[in-house]
Amino acid sequence: MNKYNVDLTRLMVKPLYFGLLMNIFVPVLILGLAYYLDRSGQSFSEMTLSELNIFFWALIIVSVADIAAGYYFMRKRFFAPMIRSKETFEDDLAKGIFTNSIICFSFSMAIAIYGLVFYFLGGKFMELLFFVFLSFISFQLVRPRLGFMEKVLVAQEKHVEEGRFL
C-alpha cells in the first residue's frame, strides 16, 4: 500500500462513474434529441452558410481550448495540496479527487453542449456528432487513471510531510 493506507481504486470509482454519466450519458441524450428533431424535420434558426461556417470553426477552436484547459487543469490541480490535516488524509484526498475530476469532466462535457448549440443555430447532425466525438476524446484525456492517481498520492504525501496543507 502506501503511507496512509489509501485504496486508490476505491477513491477513483465515484468520480469515474460520475464522469461516465456526464461525458457518455449526457452526450448520448443530446444525440438522441438531435436525431429525433432531425428526423421530424424540425427547422431552427437559419444562419447564412458563411456565418455558420465561421461559427463552426470558432466553436472548434473553443473546443480545442477546452480540451487543453481540462488537461492543464488536471495536471495542475491534482498536484496542488488537497489535504487539510494528516488525520483526514483519505477523506480529503477523496473529496479533492472528486471535485477536481468533476471540473475536468465539465470541460469535456461543454464540448458536446457547443455542438448542440451549433445544431440549434442551423448546423447539421453530423457536425453535432463531431463535437460529441471531440467530447469523448477529451474525456479520455482527463479521466483519472490508476498510474496518474499513484503520482497524485505521492505528491499529496509529500505536501503533508512538508507541512503544506489546503
Side-chain angles (χ1 to χ4, degrees), residues 1-34 55-121 128-166:
M1 276 296 222
N2 46 56
K3 186 175 180 181
Y4 293 94
N5 295 324
V6 175
D7 183 11
L8 286 175
T9 305
R10 185 180 61 79
L11 294 183
M12 289 174 42
V13 168
K14 184 178 176 183
L16 193 56
Y17 281 143
F18 204 79
L20 288 171
L21 176 73
M22 288 176 67
N23 289 288
I24 303 296
F25 186 69
V26 171
V28 167
L29 283 178
I30 288 171
L31 284 175
L33 172 71
F55 198 67
F56 174 77
W57 287 106
L59 285 176
I60 292 295
I61 291 169
V62 171
S63 297
V64 170
D66 267 3
I67 293 170
Y71 187 76
Y72 175 78
F73 186 87
M74 179 188 75
R75 293 290 177 183
K76 202 72 167 162
R77 287 298 308 153
F78 276 95
F79 291 101
M82 291 190 263
I83 311 303
R84 295 182 190 279
S85 71
K86 288 182 182 182
E87 295 77 29
T88 61
F89 186 91
E90 188 171 0
D91 291 335
D92 292 340
L93 184 62
K95 288 176 190 173
I97 288 172
F98 184 75
T99 303
N100 291 329
S101 294
I102 297 305
I103 294 169
C104 292
F105 298 153
S106 297
F107 282 112
S108 298
M109 191 178 80
I111 298 169
I113 303 297
Y114 300 155
L116 183 64
V117 168
F118 184 74
Y119 177 76
F120 284 139
L121 289 175
L128 170 60
L129 189 62
F130 178 71
F131 280 101
V132 169
F133 179 71
L134 281 179
S135 175
F136 289 160
I137 291 172
S138 178
F139 176 66
Q140 289 300 315
L141 289 174
V142 299
R143 72 180 173 88
R145 290 180 172 76
L146 189 58
F148 177 74
M149 284 298 135
E150 288 170 350
K151 293 175 186 174
V152 169
L153 179 61
V154 169
Q156 295 305 318
E157 288 174 346
K158 183 178 177 187
H159 287 312
V160 169
E161 287 172 8
E162 294 173 357
R164 288 183 286 180
F165 296 99
L166 179 66

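Sequential numbering from 1 along the given sequence is applied to the chain's residues.
Using cut-offs of 30° and 60° on the angle between ring planes, the pair Phe107 and Phe73 is tilted.
With Gln156 contributing its side chain and Ala80 its backbone, the two residues share a donor-acceptor pair below 3.5 Å. Side-chain atoms of Tyr114 do not come within 3.5 Å of backbone N or O of Ser63 as any donor-acceptor pair. Side chain of His159 to main chain of Val154: no donor-acceptor pair is present (N/O by atom type, distance under 3.5 Å, no hydrogens or angles).
Residues satisfying the salt bridge (Lys or Arg N to Asp or Glu O under 4.0 Å) criterion with Glu87, sequence neighbours excluded, are absent altogether. Taking the side chain to side chain donor-acceptor pair (under 3.5 Å) definition, one finds that Arg75 meets it with Tyr71, sequence neighbours left out. Take Thr88 and apply the side chain to side chain donor-acceptor pair (under 3.5 Å) test, not counting sequence neighbours, and it matches Ser85, Asp92. Taking Glu150 as the reference, nothing meets the side chain to side chain donor-acceptor pair (under 3.5 Å) condition, with sequence neighbours excluded.
The aromatic ring centroids of Phe148 and Phe78 lie less than 6.0 Å from each other. Phe118 and Phe56 have their aromatic ring centers within a separation under 6.0 angstrom.
Separating the CZ atom in Phe98 from the CE atom in Met12 is a distance of 14.0 Å, to the nearest 0.5 Å. Atom CG of Leu11 is separated from atom CG of Leu16 by 12.5 Å, given to the nearest 0.5 angstrom. Note: Met109 CE to Ile24 CD1 = 12.5 Å, rounded to the nearest 0.5 Å. Distance check, rounded to the nearest 0.5 Å: CE of Met82 to CZ of Phe89 gives 8.5 Å.
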N/O donor-acceptor pairs under 3.5 Å from side chains in residues 135-144, not counting sequence neighbours:
| unit_1 | atom_1 | unit_2 | atom_2 | d |
| --- | --- | --- | --- | --- |
| Ser135 | OG | Ser108 | O | 2.9 |
| Ser138 | OG | Ser108 | OG | 2.7 |
| Gln140 | OE1 | Arg143 | NE | 3.0 |

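Sorted by first and then second residue, the side chain to side chain donor-acceptor pair (under 3.5 Å) pairs with a member in residues 11-33 form an empty list; sequence neighbours excluded.
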